[in-house]
Every structure is written in C-alpha cells, then in structure tokens.
Amino acid sequence: MGVMSGPYVIRGSVSLPEAELMWRFSRSSGPGGQHVNTSDSQVELRFDLAATEALPQVWKERALQRLENRLVGGVVVVRASEHRSQWRNRETALVRLASLLAEATAPPPKPRRTTKIPRGINERRLREKKQRAETKRGRSGRDW
C-alpha cells in the first residue's frame, strides 16, 4: 500500500488531523470481482466535530450548526464504497469529509445590497412588452 496523499486541507492552513479520524471497514455492496466477498472494501470515516481542537472556534460553531441534521452525537460520518479497493475508498471518504467541512465552515455570503433599477432599462422592458402585445394582438383574425 502507498502513502495517503498528504494532509487533507479544509481551507487555508487548517487540515484534517490524522489522529482524530476514526476508520471502520466492512464488506461493500458495491463493485468487485471474485475477491469481493472476502475483502472489507467499504469505508466509514468518523470525525468528532464537537470534540475537535483542529478547527478554529468560529468555524467549529458554524459547522456544528450547519451540519446538525447529519451529526450523531457531535460526530460526522462519511461512507464510501464505490471503488473495489479499500485504499481508493479511503481516499474518497477523506476527500468527501474535507469538502463537507470546507463547505460547512465557509463564511456566510455577504448580504445583497438592494439597488434601484435604472429608468432606461425599465422603460425598454415596458416598450418591448407593448411591442410583444401588439404582435400577438395582430395574430387574432378578427378583421378578415
């Protein structure tokens, strides 16, 4: 087996701490050959979001709030079983967890500033609307 491709960065200098990841392996229902009934290729990756010290406090609170429906006792669980090899499933699970946390810890979008619609644009819209109505009115065959 090779080495995992480095620490999985969530955002900036913050990455997933290897020590806090809990792995579980089981038989996968996914693809496989003759080897499939004997190998534990499904991967379940658990990360205790509530207890971790790896994330900045603000991020942690944000993630706990946004992922509250997915958490079981403060722990986030990610499963992967689409590959035949356990190794690739581990990689997939890690990438999924990292992107899930990146999304959950992202700062909220800036509030939209309301702007006034320019008069010219509004007038053009109304003009085109009238034009369209005229075209359609001309199609009804009243005066034949």
Side-chain angles (χ1 to χ4, degrees), residues 1-140:
M1 262 192 223
V3 179
M4 284 287 203
S5 51
Y8 275 85
V9 177
I10 296 172
R11 198 168 56 254
S13 61
V14 182
S15 58
L16 282 173
E18 203 68 48
E20 292 183 29
L21 300 177
M22 295 165 282
W23 298 95
R24 228 178 82 203
F25 307 101
S26 56
R27 295 226 178 108
S28 173
S29 62
Q34 294 164 316
H35 188 56
V36 76
N37 295 331
T38 57
S39 63
D40 292 342
S41 60
Q42 175 170 299
V43 172
E44 188 179 279
L45 175 57
R46 296 168 165 272
F47 180 65
D48 195 341
L49 189 56
T52 188
E53 293 299 313
L55 299 175
Q57 194 57 37
V58 185
W59 287 21
K60 193 165 136 179
E61 285 165 13
R62 208 180 283 156
L64 283 168
Q65 186 196 347
R66 287 187 186 164
L67 298 175
E68 65 185 344
N69 298 335
R70 271 196 76 149
L71 298 177
V72 182
V75 177
V76 66
V77 180
V78 174
R79 277 193 197 84
S81 62
E82 50 269 21
H83 301 294
R84 285 177 59 169
S85 91
Q86 184 192 95
W87 194 250
R88 284 179 61 198
N89 281 332
R90 285 177 72 157
E91 287 277 319
T92 306
L94 261 176
V95 169
R96 265 191 213 155
L97 181 63
S99 65
L100 183 74
L101 288 175
E103 214 171 284
T105 58
K110 287 193 173 83
R112 183 184 177 281
R113 280 183 27 213
T114 53
T115 54
K116 194 164 166 269
I117 296 172
R119 197 164 125 213
I121 288 177
N122 211 15
E123 283 175 359
R124 190 179 70 204
R125 180 181 65 85
L126 293 172
R127 209 173 31 248
E128 285 171 2
K129 211 173 144 136
K130 252 192 189 69
Q131 187 78 49
R132 191 95 190 113
E134 272 305 311
T135 307
K136 289 188 168 191
R137 241 198 14 247
R139 285 185 190 150
S140 65

Trace of the side-chain contact (heavy atoms from CB on, under 4.5 Å) decision for Leu97 with Val76: CA-CA 8 Å; Leu97 181 63; Val76 66; 3.6 Å; yes
Candidate pair Leu94 and Trp23, rule side-chain contact (heavy atoms from CB on, under 4.5 Å), full reasoning: CA-CA 10 Å; Leu94 261 176; Trp23 298 95; 3.8 Å; yes
Full working for salt bridge (Lys or Arg N to Asp or Glu O under 4.0 Å) between Arg132 and Glu128: CA-CA 6 Å; Arg132 191 95 190 113; Glu128 285 171 2; over 6 Å; no
Intermediate values then yes/no, salt bridge (Lys or Arg N to Asp or Glu O under 4.0 Å), Arg88 and Glu91: CA-CA 5 Å; Arg88 284 179 61 198; Glu91 287 277 319; over 6 Å; no
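In summary, the side chains of Asn122 and Arg125 do present a donor paired with an acceptor at a separation below 3.5 Å, with no hydrogens or angles considered.
Taking the side-chain hydrogen bond (donor to acceptor under 3.5 Å, both in side chains) definition, one finds that Glu68 meets it with nothing, sequence neighbours left out. Partners of Gln65 according to the side-chain hydrogen bond (donor to acceptor under 3.5 Å, both in side chains) rule, which considers only residues two or more places apart in sequence or in another chain, do not exist here. By the side-chain hydrogen bond (donor to acceptor under 3.5 Å, both in side chains) test, Arg112 pairs with no residue at all, sequence neighbours left out. For Arg96, the salt bridge (Lys or Arg N to Asp or Glu O under 4.0 Å) partners two or more places apart in sequence, or in a different chain, are Glu82. Qualifying salt bridge (Lys or Arg N to Asp or Glu O under 4.0 Å) partners for Glu44, counting only residues two or more places apart in sequence or in other chains: Arg24, Arg46, Arg79. Under the rule for a side chain to side chain contact (heavy atoms under 4.5 Å, CB included), the partners of Pro108 that lie at least two apart in sequence or sit in another chain are Arg62, Arg66.
Contact record, Val78 with Ala93: CG1-O, 3.8 Å, taken as the closest heavy-atom pair.
A donor-acceptor contact shorter than 3.5 Å is absent between the side chain of Asp48 and the backbone of Val75. For the pair Ser140 (side chain) and Lys136 (backbone), a donor-acceptor distance under 3.5 Å is absent.
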